[in-house]
Amino acid sequence: MPTVNPSYDITIKHTPMQTIRDTLTSRLRTAFATAFPDATLDALPIEAIPTSDETFGDYQCNAAMAAAKVLRKPPRAIADAIGRLLQEDPLLAKVEIAGPGFINLSLNDSALARHLETMQGDANLGIPQPGAGKRLILDYSSPNVAKPMHVAHIRSTVIGDALKRIYRALGYEVLGDNHLGDWGTQFGILILGYRHFLDPAALEASPIDELQRIYVLAHQKCEAEPEWRDQARNELVKLQSGDPENRALWQKFIDLSLLEFNQIYARLGVSFELVRGESYYNDALPGVIDTLQKHGLIRESEGALVAFLDEEKLPPCIVRKSDGGYNYATTDIATVLSREAEFQPDGILYVTDERQQLHFRQFFALARKVGVKTPLRHIWFGLMRLPEGLLSTRKGTAIKLERLLDEAEKRALELVQQASPDMPPEQQQAVARAVGIGAVKYADLSQNPQSAITFTWEKALAMDGNSAPYLQYAYARIASVRDKHNERFPDVDFLQEPIALDSPQARRLAVRLARYPDTVLDAANQDRPAILADALYDLAQTYSSFYQNVPFLKAEPGVRESRVRLGALVAQVLRHGLDLLGIATPERI
RNA sequence: GCGCCUGUAGCUCAGUUGGACAGAGCAUGGGAUUUCUAAUCCCAGGGUCGCAGGUUCGAUCCCUGCCAGGCGCGCCA
């Protein structure tokens, strides 16, 4: 019979720390098991969750209502029994039963404060490490060679990068792989265009724009004239069979494109451990067909090789075209086999837009059938559109990512110059970069990825309200208070003073701080950085209110240090959390 | 036709996977700065949660059917 150990001290240092939510959940489970030893409680959602309203306490448990049927007791009586068992818990100041059987838990102030102090001293800020010893591959960004990156490309790039950081914070080893679109029929057309329409000066000045231009011209010709189509086809065959000249051109297209992509990645602060385009797996493609054949998965149909997925109730999937070319499903299978053999990952995550859902279901089904055991997950996000319709390169409605970033930095610079006119221009520039890029990233990350996003300049560049600059501003104010404290009271180390939760605002802050590790875990479990962004915004809002209403440096000694210390923890969490979103936190704004 | 997704305040979006009176931001109106950074804070108005049924002690959330929009459905990725 498990019992609550009265000597259990939440402030004991151990790595990793247990989160408050987990601690409460295990206390609740123990209490249920103690009160109802003969019942089967496995199916019940016995867990602590943050309260919907702070007047109900800090955490609540709704399992009593759900348990009523199993236990054949009124939910209120169940809740009462649990409440009595938790009454003596040193972590809790109050246990109240409310409504039909809500169990409302209020944390003991002192226990909460001690927990925060421990968290503050922990390198991981108390974030659990479920990923220790595990490896993930994250496939994201993956732009097409010779095509400019538009505002829509930011989604995969920024969401993927944030997920990488979040998983790393949980102890996973994560390999980010930029699976470039660097192979396919478009290269025949591009080579043809290069031979006929190239403007070398333009290529020098703006490579991708020029490649895009010659591609469009050649593509139009191919649409109109059969001889051009044959020529393009011919160039492609030559490329695929290793013709040195075409190979060199193709490599040039990739190099030029990467040069530009890397500039954007540098501005965004995004990096990859691997950059392996589709072409990397070319040699493996025939083998994939053999494997599929061996498993009896494909049949010939109208000259093409087709995989049928009737069992899964999925439409058929072409793996090799009638002209002998391979499709992306084949490349994807080759990729996953290669990754499995080389890296033995514990999971592979793909971040793409919603249009690829069917493709991934087909590809995952085929991968399983050929024996891929690695868990594969498709993380998709809604398309980005403009208020007036879809972004389209052809219609010219697409907005280049570069332009968005430029505009964001420009607007941020105006704000910085206005707020900090005395700051050296170089520093103003640096701050503007952090703020502008942060604003753009946050606009994407703070939104549930599954809803379609409507791009507006106002939203993408928002610098007040629920935005990265709001969070960065909160951070900078705390940093400023910290420095002023060190300046005015050089002999006092605020980290040596205990945290006291002596105001409602301080307590509200404390509760949110304590939830941070759970938030990181939740964001990963749901593959949604927006969960983290929301929580950080909530924290910053609570802090801003605290800051506005409670004096720091003017408070009496002791209280002063306690508040500065609490603020320091807010800053630590903000910086940590924003870093997980890939957003920088300047010390001054 | 079939499949996936979306529909919540004037606008843009949250809503902890079935819990307590549905929440933010922007916009609108009012207020706060001799004080630690006003990119801030405080207050106010604003809702048939697309519509209609159903399951449940309890539904914005689950099921069914409609309506509206987006995306996809054998040789593009």
Side-chain angles (χ1 to χ4, degrees), chain A residues 45 49-53 55-56 60 62 65-66 68-69 74-75 98-102 104 142 144 179 181 183-186 278 301-308 313-323 325 327-329 331-332 352-359 361 380 382-383 385 390 412 415-416 418-420 435 443 446-448 450-454 456 458-459 462-467 469-470 472-474 476-485 488 515 518-519 522 526 530-531 534-535 537-538 541 544-549 551-555 560 563-564 567 588-589:
Chain A
I49 58 174
T51 48
S52 54
D53 185 320
T55 59
F56 300 136
Q60 65 183 84
N62 303 331
M65 275 102 70
K69 276 205 189 87
F102 295 107
N104 292 334
S142 309
N144 285 325
H179 193 62
W183 198 249
T185 47
Q186 73 269 29
E278 291 156 15
S301 166
E302 295 167 41
L305 293 180
V306 183
F308 288 88
K313 292 185 176 152
L314 290 171
C317 169
I318 293 183
V319 294
R320 199 181 75 190
K321 298 185 281 184
S322 50
D323 68 4
N327 293 68
Y328 44 93
T331 311
D332 279 338
T352 82
D353 75 51
E354 60 180 317
R355 288 175 300 190
Q356 299 194 33
Q357 286 179 85
L358 177 58
H359 160 64
R361 284 205 284 154
W380 58 266
L383 286 175
R385 71 195 69 247
L390 227 49
L415 282 170
V416 175
Q418 194 184 322
S420 306
V435 170
S446 62
Q447 196 154 171
N448 177 355
Q450 299 200 330
S451 47
I453 187 168
T454 304
T456 60
E458 304 91 274
K459 192 165 60 171
M463 310 232 170
D464 55 11
N466 189 356
S467 68
Y470 177 94
Q472 292 168 318
Y473 180 65
R477 288 207 289 191
I478 300 171
S480 177
V481 168
R482 173 202 61 204
D483 293 347
K484 287 223 160 65
H485 182 274
R488 291 184 202 174
R515 285 177 190 165
D518 291 317
T519 302
D522 291 345
Q526 297 180 50
I531 289 173
D534 266 3
Y537 178 62
D538 188 36
Q541 250 184 335
S544 294
S545 178
F546 179 57
Y547 174 85
Q548 204 82 21
N549 292 296
F552 283 59
L553 301 180
K554 300 202 166 187
R560 183 175 66 208
R563 288 180 182 161
V564 174
R588 293 284 181 279
I589 285 191

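Predicted, not measured: the structure shown is a model, and the values here were computed from it. Note that these values count all heavy atoms, side chains included, but never hydrogens, waters or copies made by symmetry.
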Check whether any side-chain heavy atom of [X] lies under 4.5 Å from a side-chain heavy atom of [Y], and answer yes or no.
X	Y	answer
A:Val435	A:Ile589	yes
A:Val319	A:Asn327	no
A:Lys459	A:Gln447	yes
A:Arg563	A:Val481	no
A:Lys321	A:Thr185	yes

- [ ] Please determine if a side-chain N or O atom of A:Ser545 lies less than 4.0 Å away from the OP1 or OP2 oxygen of B:C42.
- [x]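 Yes.
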
TODO: Report yes if a side-chain nitrogen or oxygen of A:Lys321 is closer than 4.0 Å to either non-bridging phosphate oxygen (OP1 or OP2) of B:C76; otherwise report no.
DONE: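 A:Lys321 to B:C76 OP1/OP2: side-chain N or O found under 4.0 Å.
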
Open item on the list: Please determine whether any donor N or O and acceptor N or O are separated by less than 3.5 Å between the side chain of A:Ser322 and the base of B:C75.
Closed with: yes

Just jot down the side chain to side chain contact (heavy atoms under 4.5 Å, CB included) partners of [X], sequence neighbours excluded, or say none.
X	answer
A:Ser480	A:Lys484, A:Arg588
A:Tyr328	A:His359
A:Pro315	A:Leu358, A:Gln362
A:Ser52	A:Phe56, A:Gln60

Sticking with atom [atom1], work out how far [N] lies from [M], rounded to a whole angstrom.
N	M	atom1	value
B:C57	B:U64	C1'	23 Å
B:A32	B:G15	P	36 Å
B:G74	B:G70	C1'	24 Å
B:C63	B:C21	P	24 Å
B:C66	B:G23	C1'	30 Å
B:C51	B:U8	P	10 Å
B:G69	B:A27	C1'	25 Å
B:A52	B:C67	C1'	11 Å

Could you please name the option among [options] that lies closest to any side-chain atom of [X]?
X	options	result
A:Pro469	B:U40, B:A39, B:A77	B:A39
A:Pro316	B:G74, B:A39, B:C71	B:G74
A:Ala304	B:A39, B:A77, B:C75	B:C75
A:Arg355	B:A77, B:A20, B:G72	B:G72
A:Tyr537	B:A24, B:C26, B:C4	B:A24

Please classify the nucleic acid contact of [X] as base, sugar-phosphate, or nothing, using heavy-atom distances under 4.0 Å.
X	result
A:Leu358	sugar-phosphate
A:Ala98	base
A:Glu302	base
A:Glu458	nothing
A:Val416	base
A:Asn104	base

- [ ] Could you check A:Cys317 against A:Asn144 and say which one's nearest nucleotide on RNA chain B is further toward the 5' end?
- [x] A:Cys317

Task: A:Leu415 vs A:Trp380, nearer the 5' end of RNA chain B by closest nucleotide - done: A:Trp380

Would you please name every residue forming a ring-ring contact (aromatic ring centres under 6.0 Å, His included) with [X], sequence neighbours left out?
X	value
A:Tyr473	none
A:Phe102	none
A:His485	A:Phe489, A:Phe494

Output a table of nitrogen or oxygen pairs between the protein and nucleotides 10-19 of chain B separated by less than 3.5 Å.
{"from": "B:U12", "atom 1": "O3'", "to": "A:Lys459", "atom 2": "NZ", "distance (Å)": "3.3"}
{"from": "B:U12", "atom 1": "O2'", "to": "A:Lys459", "atom 2": "NZ", "distance (Å)": "2.8"}
{"from": "B:C13", "atom 1": "OP1", "to": "A:Gln447", "atom 2": "OE1", "distance (Å)": "3.3"}
{"from": "B:C13", "atom 1": "O5'", "to": "A:Gln447", "atom 2": "OE1", "distance (Å)": "3.4"}
{"from": "B:A14", "atom 1": "OP1", "to": "A:Asn448", "atom 2": "N", "distance (Å)": "3.0"}
{"from": "B:A14", "atom 1": "OP1", "to": "A:Ser451", "atom 2": "OG", "distance (Å)": "3.0"}
{"from": "B:A14", "atom 1": "O2'", "to": "A:Asp534", "atom 2": "OD2", "distance (Å)": "2.7"}
{"from": "B:G15", "atom 1": "OP1", "to": "A:Arg528", "atom 2": "NH2", "distance (Å)": "2.4"}
{"from": "B:U17", "atom 1": "O4", "to": "A:Gln526", "atom 2": "OE1", "distance (Å)": "3.4"}

- [ ] Go through the structure and list residues passing side chain to side chain donor-acceptor pair (under 3.5 Å) with A:Arg477, not counting sequence neighbours.
- [x]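 Per chain and number, A:Arg477 pairs via side chain to side chain donor-acceptor pair (under 3.5 Å) with no residue.
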
Task: By side chain to side chain donor-acceptor pair (under 3.5 Å) - contacts of A:Asn144 (at least two apart) - done: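 None.
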
TODO: Assign B:U35 to syn or anti; the rule is syn for a glycosidic angle within 90° of 0 and anti otherwise.
DONE: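 B:U35: anti glycosidic orientation.
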
Task: Chi class for B:G74: syn within 90° of 0, otherwise anti - done: syn

TODO: Pull out every stem in RNA chain B, meaning runs of 3 or more consecutive Watson-Crick or G-U wobble pairs with both distances under 3.5 Å.
DONE: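 As far as RNA chain B goes, consecutive pairing (with distances under 3.5 Å) yields the stems B:1-7 with B:67-73, B:10-13 with B:23-26, B:28-32 with B:40-44, B:50-54 with B:62-66.
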
In whole angstroms, how far is the [atom2] atom of [N] from the [atom1] atom of [X]?
X	N	atom1	atom2	answer
A:Leu314	B:G72	CG	P	17 Å
A:Gln356	B:G3	CD	C1'	17 Å
A:Asp464	B:C41	CG	C1'	14 Å
A:Tyr328	B:G74	OH	P	9 Å
A:Arg361	B:C5	CZ	C1'	12 Å
A:Phe308	B:C73	CZ	C1'	14 Å

Report all interatomic pairs (protein N or O, nucleotide N or O of nucleotides 28-37 of chain B) with separations under 3.5 Å.
{"from": "B:C36", "atom 1": "O2", "to": "A:Leu553", "atom 2": "N", "distance (Å)": "2.9"}
{"from": "B:C36", "atom 1": "N3", "to": "A:Phe552", "atom 2": "N", "distance (Å)": "3.2"}
{"from": "B:C36", "atom 1": "N4", "to": "A:Tyr547", "atom 2": "O", "distance (Å)": "2.8"}
{"from": "B:C36", "atom 1": "N4", "to": "A:Val550", "atom 2": "O", "distance (Å)": "3.0"}
{"from": "B:U37", "atom 1": "OP1", "to": "A:Ser480", "atom 2": "OG", "distance (Å)": "2.8"}
{"from": "B:U37", "atom 1": "OP2", "to": "A:Ser480", "atom 2": "OG", "distance (Å)": "3.4"}
{"from": "B:U37", "atom 1": "OP2", "to": "A:Lys484", "atom 2": "NZ", "distance (Å)": "3.0"}
{"from": "B:U37", "atom 1": "O2'", "to": "A:Tyr473", "atom 2": "OH", "distance (Å)": "2.5"}
{"from": "B:U37", "atom 1": "N3", "to": "A:Ile589", "atom 2": "O", "distance (Å)": "3.3"}
{"from": "B:U37", "atom 1": "O4", "to": "A:Ile589", "atom 2": "N", "distance (Å)": "3.1"}

